[in-house]
Each structure stands twice: as C-alpha cells, then as structure tokens.
Protein chains: 4
Amino acid sequence: MMHLAIMRRMSSIDTPFELHSTSTAAGTKYARKKVAAIAAAAQVFAEKGFHGATTQDIATVMGIKQGSLYYYFKSKEQALQDVCEYGFENYVQQMEKICGKAQPFEAKMQMIITSHLTTYRQKNNAMKVHNDQRLYLPKERRQHLKELGTRYRQMLENTLQEGVQQRTIRADIDTHFVAYSIIGMCNSWGAYLVRDESLDLFDTIQQCADLVLRGVLN
Amino acid sequence: MMHLAIMRRMSSIDTPFELHSTSTAAGTKYARKKVAAIAAAAQVFAEKGFHGATTQDIATVMGIKQGSLYYYFKSKEQALQDVCEYGFENYVQQMEKICGKAQPFEAKMQMIITSHLTTYRQKNNAMKVHNDQRLYLPKERRQHLKELGTRYRQMLENTLQEGVQQRTIRADIDTHFVAYSIIGMCNSWGAYLVRDESLDLFDTIQQCADLVLRGVLN
Amino acid sequence: MMHLAIMRRMSSIDTPFELHSTSTAAGTKYARKKVAAIAAAAQVFAEKGFHGATTQDIATVMGIKQGSLYYYFKSKEQALQDVCEYGFENYVQQMEKICGKAQPFEAKMQMIITSHLTTYRQKNNAMKVHNDQRLYLPKERRQHLKELGTRYRQMLENTLQEGVQQRTIRADIDTHFVAYSIIGMCNSWGAYLVRDESLDLFDTIQQCADLVLRGVLN
Amino acid sequence: MMHLAIMRRMSSIDTPFELHSTSTAAGTKYARKKVAAIAAAAQVFAEKGFHGATTQDIATVMGIKQGSLYYYFKSKEQALQDVCEYGFENYVQQMEKICGKAQPFEAKMQMIITSHLTTYRQKNNAMKVHNDQRLYLPKERRQHLKELGTRYRQMLENTLQEGVQQRTIRADIDTHFVAYSIIGMCNSWGAYLVRDESLDLFDTIQQCADLVLRGVLN
DNA sequence: AATGAATGAGAGTTCATTCAT
DNA sequence: AATGAATGAACTCTCATTCAT
C-alpha cells in the first residue's frame, strides 16, 4: 500500500476551493479521501494507461460516482499529475535517506536496488505510472517531476562517483551512463514484479545487484 | 526505415479482396500502401500511445482521409496488432541470423545489443510500439507475439548458456534472469535513443555491452 | 443601490421556516441576508445571463458556500423570479409616484425617462435582468411580472393620452406604439449606461427626452 | 428565411478539414448543409439563448444526430460566431447599398428602418442572436463583429450628418446619440416583430419613422 | 445558519466505425 | 481506391440540488 508513504506528505495536500479550518490538513476527511483517490487513480492508470483509463474506472475503484471524482481532482490530467508527483516524491525521499548515510559502496547499491524494487512490489502503482505515463502530461505540468528526476539521478551518480573514489568500482566507468542503465533495468524488473506476483522479490534484488556489480564474465 | 525488412515478409500480406491474389501480393500497389499504413500507424502509436492516438492522426500521416484507413486496417486494434507483429517479426528474424552463426560469446552479445539498439535508432517505431503498447491488445491477439517473444528470449538464453559451457561466463549466473535484464536495459536505452537524437549509438552499444559483461566492480 | 427600495417591501418576504414569523420579518437577519442574496443574484445574472450563471457564482459574490445558497432560494429559477420581481416592483412603484402627481406632460415625460435611466445607472442589475432574462422563466412564474408590466405600460400610455388631451402632443399619435418605443429606446440606453461608466447620465436623459418629444426634423 | 441572403456570401464558406476540389464551394453539399446548420443554430439560439440552447436542439432542428453537428461546427461557440457573423454581415451589406445611393434624407431614413425591421420579420433569427447573444462570445471572437458594427453605425451617422447639411434635420442634433437611439428602438421593435406574428410590419415601420422624424410634440 | 460531501442528470466533444458513391 | 457524410457510443466535465451534521 502506498498509503503510509503518501500520508507522510499529506500536510501539504491541497484543499478543495478554499483552505480548511484546521491548519494541519493531514487529518481531514478530505485529505484522507484524497489519498484514496490518488491510490485509486494510480491503480487504474497503471493497469490501463492514462488514455485507456476512464474517470469512471477510478470512481468505481473508490466506490463513488463518476462525477464526484471532480471533488478531488480538477481534471483527469490533474489526477495523473498528482499520482506521478506523490509517487515519485515519496521515492526520491527514500533515496535521499539512503544516500545520506555513510556506507560502503556495495551496501548502498544494494539498498538502492532494494528500495527501487520494493517500491514496485508494494504495489506502488504510482511509481509505475510515473515511469510509463508521465510523458502524457503537457510539459508545463512535468516541471516538478523533472526536477525530482534530476535530483534522483544525481544522487545515484554521486554514489557511483564515491565508488570510483573508493576504488571499489572501475575508473573507466561512465557514471552517467551506468546510472541510466541501472534505472532502466530496475524499472523493467519492477514492471515484472507488478505483473507477476509469484516472482520472488529478494531473489530479484540479489540478481540485479550481482549483475550490475560483477557483470556476467567469468 | 523498416520498409525493406517488412517488404520481405509481404508475400504473406492479407489482401482486402480475394480478387487481388492473382498477382504476387508483394508487389501489389495495395501491399506497398499497406506497408506505408503500418509505418504511419507505428509512428503515431509510438508518439502518442495506442489509446492516445486517433485514426485521424494515422490518416494524416499517410496523407489520406480518415475513412480510407479502413481499406488497410479492419480496425484500430488490428492496426496495433499489425504494427507489433511486423515490428517484432522483423526483429526476431535478425536475432535468428545472429544466433545461427557460430561465434564466440562476446562477439554474439555485442551483435545482439547492436541489433537491438540499432533497430531503435533507425526509428523503428514498430519495435517501441511492440514493447510499450502490446499489452493493450486482448490476449487472443497476442498469441503470435507471445510465441515470437518466447523464441527470442530462448535464443538469448541459449546464447548465454553457450557462454557458460564455453566457461566464458560465470557458472552461477541465472541465464533466465540475465536475459530479462539485458532486454530491459536495452529497451530503456532504446527509448532514450528514440527521444534524444544527439545520443551516440555506438557509444551506447559499447557501454551497454561493457556493463553487461564486466559489471562495475574493479 | 437597490437596497432601500427593496427593503421597503421586505415585510412581505418569505421566511424559510414558519418559526421565523414571530418577529417582524423585515428586520430579521434572514431578511437582510435575503436582500443581499437577491442583489448578488441580480449582479451575476446581469453579467452572465441566467443560463450562463452558476449558483457557485452567486454564492461566491455573497461570500458563502454553494450549498448554503439554498437557504435563501428554493432553486435557481426561484432566484431569477425573485430578482425580476423585486427589481420590477420597485421600478413600477416609482412610476406610480411620478404618474400620480398632477404635472404638465413634458415634465412628466422627463421624469419618467429620468427614473428609467437612473435606475440603470445605479447599477440596478435587477432591472436589466428583468428586461433581458425574464423570458427564461416558465410562463406560470411570469404571471406577476406580466401584471406589473401591463400596469406600467398603461401608466405610460395614460400619460401620453393626457398629453393628447392637453393638446401638447399630436392627435395622430398611436399612444400604444409610442409607449413601446420609449421603453425600447430607454432600455437600450440603459444597457449602454451599465456597460460604459463614462457615459454621462444627465446628458443621456436630455437627449432621450428631446428626441422623443421633438424628433429630428427641422 | 435567411437562406437567400446567406447564400450570396457562401463562396467564402469554410470547408471541413481541407479545401474541396471545386473552386466555388457555394454549390457543394457541404456548403448547402452548412447554411442549414447556421439557420438551425440561429433559430435555436434566438429562442433559448446561447447558454440555454443545447447542441442537441440544433441537431434536432437540422434532422441529424447531435454528434454529426460537429461536422459543421468545430464547437458550440463557433456556431454562435458563425450565426452572428453571417447574420450581421448580410445586414451591413444591405445598409451599404441603401447608403450608397444618392437620396433625400427622409427617404433614406425610411429605407434604413424598413431594412432593419424587415430583416427581423423575415425571421432572420441570426440578427436577433447577434444583438442579444454576441456578448457571450469571448472578445477575440468578436473582433470582426465589432468592425462591422462600427461600419454600420458610421453609415447611419453619416446619413444623419448629410441631413444636417441639407438642413433637413436640426443642427443641434447629436448624430452619435441619435444613431444609437434609432438602433435601440428598432432592435426593440424587431424583437416584438419576431415574437408576435400578428404585428403589422409596414405599420410599425411607418410609426417608427414618424416618431424619429417628428417626435411626439404638436 | 451554514457547510462539506456527494449525486445524477445532462452537456459538449471526440472518435472508431460504416457505407453509399 | 478513396472519400464525404454520418452515426452512436463513450468520455470528460459541469452544475443544480440534496442532506447529514
């Protein structure tokens, strides 16, 4: 469930029309249902894609009528934006925690991959939606996501750079390229993890880490 | 351009009325335009996704009117199926050639990656569509694609298995897992290659191959 | 401001629950807010038209929430009816005073036009709404308005008739027709006065009176 | 019927999507039906107002399905714009013809009023729509209409100016003001003519002209 | 006295699809 | 071989209205 992670950020949630009376919006009924709305939208977008999904689908998952959805989202596009932002913000936060701690390179890489894949397995559809559907947002609405993405990639590249300095990883490595590769591979495994529940999470993490670190050669 | 590859398979193309079958279908005006139709659909689906694309979009790219499209595709769904099949068939054929030749493991791996990424860079939108949009086809219509996919993965796994037997690659490698990983990483780079024209193809190929073979560790 | 005039009639205002009727309704908080509600509705209907206006618009002008509006109006249609009736009742009352006094024809005509145009310039949106939007009310709800209108036109016609008898105006005049013409011209100038604040009120009144009385010929 | 007048201008009609093959679009089936579409929209907008009318209403009058309407109008707003423009363009053209001919002032004024009121009586709903509903168009879409309106008013003012120079009308007349007054009064009578079929057209014209020229005074 | 939350009906618009020509 | 014209179903979004609190 994405709920815990998202609720951590709920203090910043937007309220409908005007500000609510309570200063911390986190506890409001509205905030609680908005979380549910984002979760529902994430699930539906992940399954059917942005254009393939209907607002009716989302409303059905929430157990409300279709028109009522607009109490929580100003538009379908806004729903996509919210899903992407909450999903990705949460993920980048986790990344910051991991990269903030002083740890040997291999441990960090392991944690990064663990975080990435675990996020998917926890049915964090928001993450999948961010990866696959964010390009359907008009550029203006992707501003924030782009910044988050850059921050995330930079943390990953920095980690690799540290590895180079620690002489743990090869000096001839192009950290920029490797960062992209890791993200790509993990996203691809993430999609499998979402689709196939029988796939073992920890096994997958081990194998990913092993492949990245040692390659296939003898 | 995908044209050459696709035209090779044109002999099996479906003709709209039985009448047409008198001549070799491959050379027919119909067959030639059907190729163009598939290419147009591929381009549009790649850009906007299946559900985000309209038949009008495809017709516009072809320079014909919307209604005329139905001379080439029985339905929008059929267009997606055609794009996926022609795109992927073509790719698997190439794979067969590569794997058919007796070659050392590393050379083969290099060629596989080269083939995969080159396909993308040549703006083979059909390939992108197959990877990103095929799941929007109903299961029945994915039968053929699934077979092709299995064949393809098996060739990749066999190649890896050969590598193990040649002692070129580690014995503890899970070939199934590595095959998926390579595909995932390459697809992700493929998407970048399509989006960013300034990205150097051969550089990308080298780096991918290097990462897969040697990993990042020192 | 229409307030004074409207408040004079407030004694007849409908109260939402019978309970309220203990005190004189005119001074009730409810009555005061109902006036504000009518004024808000008048403003919004004048600007956007009945169908183009939303209950949200009216609520916003009042500074209350959309749902709360139904404490003052049973329906949007009722709001239109209230606006039209209060606006027009007020105007017809003024007309009654003017026509009641014994005065020479030209002075009366001057006062009638002054009354009409001043009403508009005072941003009496209710009047504009009555003129432009009343036809969107179902016939049954226009009963009262129709009676008022007839009364008003009759007073105008009577005034003209007096003018004929006093030999102040031509005997071959069709008073019925002229009455309609004056109303039409004044309404049209009223709309300009509302739209263009820089238009001088007294100048307009003079010109209108002059045109009606003397025509353009030399 | 507005058909004749509108068809005169049909050579400039816009075609759907792309240019038609024939150079004169006037004869096309599309052009013919677009005329019908504009007439239908004019009728419905005149009756119910822009916001009160539905695209379904218009389609019903045309005898087509609601969705098919969009073959002729890109949007409901475009329909309003088309109605206003065709209606008013036509009217201004007529005005140009009247004012172009050298004629004594009184005759011209008579013709102007005749033209104005006849336009209404011919059920030229487009004219009514232009007068009552054009303000619901966003400013950008009113550009053309504004220019037409200015041209029209100028012709009327010029005519009055000529009258002054010919000493036919009083020198102390404010031509600007009188022009507006005539338009206002005629529009108001136009609305009556549309609503009440029993009203005699020529009688109304006579009375209007008489009132404007000679006023009511003895 | 007012509001948050929801609803249901309908609006405008889009679009895949059909078919006579 | 292609098109103009139309359709019908679905979709997003709006809005008047209700009602428990």
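Sequence lines set the chain letters: A, B, ... in the order given, protein chains first and strands last, and positions in each chain run from 1. Quick caveat, the model's predicted, so the values are computed rather than measured.
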## Note on the structure
Rounded to whole Å, NZ of A:Lys29 lies from C1' of F:dT21 at a distance of 10 Å
### Query
Which base sits across from E:dA2 as a Watson-Crick or G-U pair, both distances under 3.5 Å?
F:dT21
### Task
Take the protein atom CE of A:Met62 and the nucleotide atom C1' of E:dA5, then report the distance between them rounded to whole Å.
11 Å
### Presence of D:Lys65 side-chain N/O under 4.0 Å of F:dA6 phosphate oxygens OP1/OP2
no
### Query
Are C:Lys33 and E:dA2 close enough that a side-chain N or O sits under 4.0 Å from OP1 or OP2?
yes
### Task
Measure across D:Val44 and D:Ala53 and return the closest heavy-atom pair with its distance rounded to 0.1 Å.
CG1-CB, 3.4 Å
### Query
With under 30° as parallel and over 60° as perpendicular, where do the rings of B:Tyr71 and B:Tyr30 fit, or are they tilted in between?
perpendicular
### Task
Please determine, for the side chain of B:Thr54, which listed nucleotide (E:dC15, F:dT17, E:dT17) has the closest atom?
E:dC15
### Side chain of C:Ser75 (C-beta onward), nearest among E:dA1, F:dT17, E:dA5
F:dT17
### Message
Less than 6.0 angstrom from the centroid, inside 45 degrees of the normal: does C:Lys76 satisfy that with respect to the ring of C:Phe50?
### Response
yes
## Note on the structure
Closest to the side chain of C:Gln66, out of E:dT13, F:dC13, F:dT17, is F:dT17
### Query
Hey, is the side chain of D:Tyr72 poking within less than 4.0 Å of OP1 or OP2 on F:dA5, counting only N and O atoms?
no
### Query
Within this structure, what is the NE2-to-C1' distance between A:His51 and E:dC15, rounded to whole angstrom?
13 Å
### Summary
Of B:Leu69 and C:Phe50, the one whose closest nucleotide on DNA chain F sits nearer the 5' end is B:Leu69
### Query
B:Gln81 and B:Glu77: side-chain donor and acceptor closer than 3.5 Å?
no
### Value in whole Å for how far the C1' atom of E:dA16 lies from CD of B:Gln78
14 Å
#### Entry: Donor on one side chain, acceptor on other, D:Asp57 and D:Thr54, under 3.5 Å
yes
### Task
Would you check if A:Tyr72 and A:Asp82 make a side-chain contact, meaning some heavy-atom pair closer than 4.5 Å?
no
### Task
For A:Ala53, report the nucleic acid contact type (base, sugar-phosphate, nothing); a contact means any heavy atom under 4.0 Å.
sugar-phosphate
### Query
Is any side-chain N or O of A:Thr55 closer than 4.0 Å to OP1 or OP2 of F:dT12?
yes
### Query
Across all strands, who's sitting opposite E:dT14 as a Watson-Crick or G-U wobble pair, both distances under 3.5 Å?
F:dA9
### Message
Under 4.0 Å, counting only non-hydrogen atoms across every strand here, what does A:Ile64 touch: a base, just sugar-phosphate, or nothing?
### Response
sugar-phosphate
### Query
For F:dT3, does either OP1 or OP2 sit under 4.0 Å from a side-chain N or O belonging to B:Tyr71?
no
### Query
So, does the side chain of B:Gln56 form a donor-acceptor pair with the base of E:dA16 at under 3.5 Å?
no
### Task
Establish, with yes or no, whether the OP1 or OP2 oxygen of F:dT7 is under 4.0 angstrom from a side-chain nitrogen or oxygen of D:Tyr70.
no
### Query
What is the distance from NZ of D:Lys34 to C1' of F:dA6, rounded to the nearest Å?
17 Å
#### Entry: B:Lys76 NZ - F:dA10 P separation (whole Å)
15 Å
### Query
Does the side chain of B:Ser68 get closer than 4.0 angstrom to OP1 or OP2 of F:dT3 through an N or O atom?
yes
### Task
Hey, which sits more toward the 5' end of DNA chain E by its nearest nucleotide, C:Gly67 or D:Gly67?
C:Gly67
